[in-house]
Amino acid sequence: MNILVVGSGGREHAICWKMKQSPQTSRLFCAPGNAGIDQLAELVPIKAHEIDSLVRFAKKEHIDLTVVGPEQSLALGIVDAFEKNGLAVFGPNKSAAQLESSKIFAKDFMRRHSIPTSRYQSFARSDEDSASQFIDSLPTPIVVKADGLAAGKGVIICTTKHEAMLALRTMIHDKAFGTAGERVVIEEFMHGEEASFFVITDGEQFAPLATAQDHKRILDGDKGKNTGGMGAYAPAPVVNKTVTDRVIKEIVIPTIRGMKSEGIPFVGCLYVGLMITADGPKVVEYNCRFGDPEAQVIIPLIDADLGQVLYSAATHNLNPASVRQHPALAVCIVMSSRGYPDEYEVGKKIFGLDKIVPEDGVVVFHSGTKREGDLILTAGGRVLGVTAIGYDHALEETIRSAYSAVEKITFDGAYFRGDIGKKALTIKT
Ligand code: GLY
């Protein structure tokens, strides 16, 4: 198969890394890619949102399968455009991608299909009075979410009702998140442990992948600002067998069936953000693609030909039994630029990548990098995802091996959290 991967981050690097291992992969392209992906795939200078150009490229190069990484492209309708041109593409179409691109769509969908989630209401600018009354009726903390896509930053957890009103006004009046915040969801905060549950689905059949836990905050101990994710590990021990069975029965099956029954079957990677509460698993949010950095830990654990699996899902012919998992674990530590998630500088030389050897069981997935001659430079907030895969060792050793690789890599302003994966060591299953 000729394969095109759309995107330029660590997630897309992990997808290309796995695709490259398959003898079925003929030519592998990535648009636009980064300095790590260019070791595996032919880079195509087309941005992920330039849909018409991507379609033209796929037709010209006889691409058999396109895999879309970023949610923005899915929300823009990349899948609709590829399908209209008879091209196989892995990901949901624009309507199905609303599970992620509209928090209101997702919450109303869950209500329609009795899928467990927190109590909520949605509001627009003209509803400030009723929003204020709803805030008054909720216990604190209160969650205020922008309806649209906001790069993981459109969620504000408010410890007081006053803060919740301020958050609401920042979104609907001050347009802190642009049009994404023109409508908002206000919801009850759920207490528990967060985890991510991934399934590949062809709209009807589905295959669960490893579960994972992301580390969203910038500082150790889950403090500080929200980021796109500072590290992840898989599997997440909090999602034990009992929880898995409940997630499949109470969330995954009703979601896939519900989307089909509404005439918008979801094809792609359904990423369910979960809260494991005292009452059982509940949905925090849906995402409509692989997570980043979760992809960097769940993809290495797939014991199957990823290209074949994603092609069969894209063509509505998924055989769930073919999607086996390695009995292994993985830990990814994100190295970011000084200042991230606020402003940061780019163009810093990265040293030490040559000291990481595959025999260490470590792969460095590039997130924001670019090549200039022989140099690799930083080119984003999140720069690298240093990933250790423990095929036959315990979590503690895998964490240690990821950190010892991180210590070998340097660039000016490099920052990483020191506690990735530590939480999993304390969770009782
Ligand atoms: N790591 C969170 C996300 O991919 O949305």
Side-chain angles (χ1 to χ4, degrees), residues 71 74-75 92-128 130-158 161 164-165 167-168 170-172 176-177 179-192 194-197 199 216 226 246-247 250-266 268 270-277 279-289 291:
E71 61 275 20
L74 295 162
N93 64 20
K94 186 174 178 167
S95 304
Q98 285 181 99
L99 274 187
E100 175 166 5
S101 66
S102 168
K103 305 293 172 231
I104 298 177
F105 174 89
K107 290 295 263 192
D108 292 349
F109 171 83
M110 285 185 263
R111 184 181 275 162
R112 286 196 292 281
H113 296 279
S114 306
I115 295 168
T117 187
S118 58
R119 191 153 69 93
Y120 78 101
Q121 278 185 27
S122 58
F123 302 95
R125 192 182 171 135
S126 53
D127 305 326
E128 199 176 318
S130 36
S132 160
Q133 279 167 21
F134 186 61
I135 286 172
D136 265 342
S137 77
L138 289 177
T140 53
I142 293 168
V143 183
V144 181
K145 284 183 180 170
D147 176 52
L149 294 180
K153 295 177 192 144
V155 178
I156 306 183
I157 297 168
C158 309
K161 294 177 193 237
M165 274 315 289
L168 171 76
T170 339
M171 288 189 195
I172 58 177
F177 301 103
T179 52
E182 276 175 355
R183 297 194 302 155
V184 297
V185 168
I186 299 177
E187 64 183 33
E188 216 168 48
F189 181 82
M190 291 185 277
H191 295 271
E194 275 197 74
S196 308
F197 199 97
V199 298
K216 284 219 159 278
N226 254 331
R246 286 192 66 175
V247 171
E250 296 168 24
I251 296 170
V252 172
I253 292 176
T255 302
I256 292 171
R257 283 204 186 135
M259 291 297 280
K260 187 166 177 240
S261 74
E262 296 196 9
I264 41 172
F266 184 98
L270 177 68
Y271 160 173
V272 189
L274 293 171
M275 187 68 80
I276 316 303
T277 73
D279 298 333
K282 294 188 181 181
V283 179
V284 176
E285 63 178 11
Y286 290 110
N287 293 312
C288 64
R289 34 81 199 173

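As the structure is a prediction and not an experimental result, all values here were calculated from the model.
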Judged by atom type as modelled, is there a donor-acceptor pair below 3.5 Å linking the side chain of Lys216 to the main-chain atoms of Asn226?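 No, because the side chain of Lys216 does not come within donor-acceptor range (under 3.5 Å) of the backbone of Asn226.
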
With sequence neighbours excluded, what pairs up with Ser130 under the side chain to side chain contact (heavy atoms under 4.5 Å, CB included) test?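 In terms of side chain to side chain contact (heavy atoms under 4.5 Å, CB included), with neighbours along the sequence ignored, Ser130 is linked to Phe123, Asp127.
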
According to ring pair (Phe, Tyr, Trp, His ring centres under 6.0 Å), who are the partners of Tyr271, at least two apart in sequence or on a separate chain?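 Ring pair (Phe, Tyr, Trp, His ring centres under 6.0 Å) check on Tyr271 returns Phe198.
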
Shortest non-hydrogen contact from [X] to [Y]?
X      : Y      : value
Val283 : Met190 : O-CE, 3.4 Å
Phe177 : Ala150 : CD2-CB, 4.0 Å
Arg246 : Gly280 : NH1-CA, 3.7 Å
Phe266 : Ala96  : CD1-O, 3.8 Å
Tyr286 : Ala106 : CD1-CB, 4.0 Å
Ile186 : Ile142 : CG2-CG2, 3.7 Å

State, with a plain yes or no, whether a side-chain heavy atom of [X] is found less than 4.5 Å away from one of [Y].
X      : Y      : value
Ile135 : Met165 : yes
Val272 : Thr255 : no
Pro92  : Leu99  : no
Asp108 : Tyr120 : yes
Val247 : Leu274 : yes
Pro116 : Ile251 : yes

With side-chain hydrogen bond (donor to acceptor under 3.5 Å, both in side chains) as the rule and sequence neighbours excluded, what pairs involving residues 94-107 come up?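 For residues 94-107, and leaving out neighbouring residues, the side-chain hydrogen bond (donor to acceptor under 3.5 Å, both in side chains) pairs sorted by first residue read Glu100-Arg289, Ser102-Asp147, Lys107-Thr117, Lys107-Ser118, Lys107-Glu187.
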
Check side chain to side chain donor-acceptor pair (under 3.5 Å) between Arg257 and all other residues, then give those that pass, not counting sequence neighbours.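 Partners of Arg257 under the side chain to side chain donor-acceptor pair (under 3.5 Å) test: none.
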
Looking at residues at least two apart in the chain, or sitting in another chain, which of them share a side chain to side chain donor-acceptor pair (under 3.5 Å) with Gln133?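 If we apply the side chain to side chain donor-acceptor pair (under 3.5 Å) test to Gln133, skipping adjacent residues, there are no hits.
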
Going through the distances and angles, do Leu168 and Glu128 end up as a side chain to side chain contact (heavy atoms under 4.5 Å, CB included)? CA-CA 8 Å; Leu168 171 76; Glu128 199 176 318; 4.2 Å; yes

For the [atom1] atom of [X] and the [atom2] atom of [Y], what is their distance to the nearest 0.5 Å?
X      : Y      : atom1 : atom2 : value
Leu270 : Asn287 : CG    : CG    : 9.0 Å
Met110 : Glu285 : CE    : CD    : 9.0 Å
Glu250 : Ser114 : CD    : OG    : 11.0 Å
Ile276 : Glu194 : CD1   : CD    : 9.5 Å
Leu149 : Thr179 : CG    : OG1   : 9.5 Å

Salt bridge (Lys or Arg N to Asp or Glu O under 4.0 Å) partners of residues 113-123, not counting sequence neighbours, each pair once: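 Every salt bridge (Lys or Arg N to Asp or Glu O under 4.0 Å) pair that includes a residue of residues 113-123, provided the two are not neighbours, is Arg119-Glu188.
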
Parallel, tilted or perpendicular: ring planes of His113 versus Phe109, cut at 30 and 60 degrees: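 Tilted: the ring planes of His113 and Phe109 meet at 30° to 60°.
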
Ion pair Glu262/Arg112, N-O distance below 4.0 Å: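 Between Arg112 and Glu262 there is a salt bridge, with a charged N closer than 4.0 Å to a carboxylate O.
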
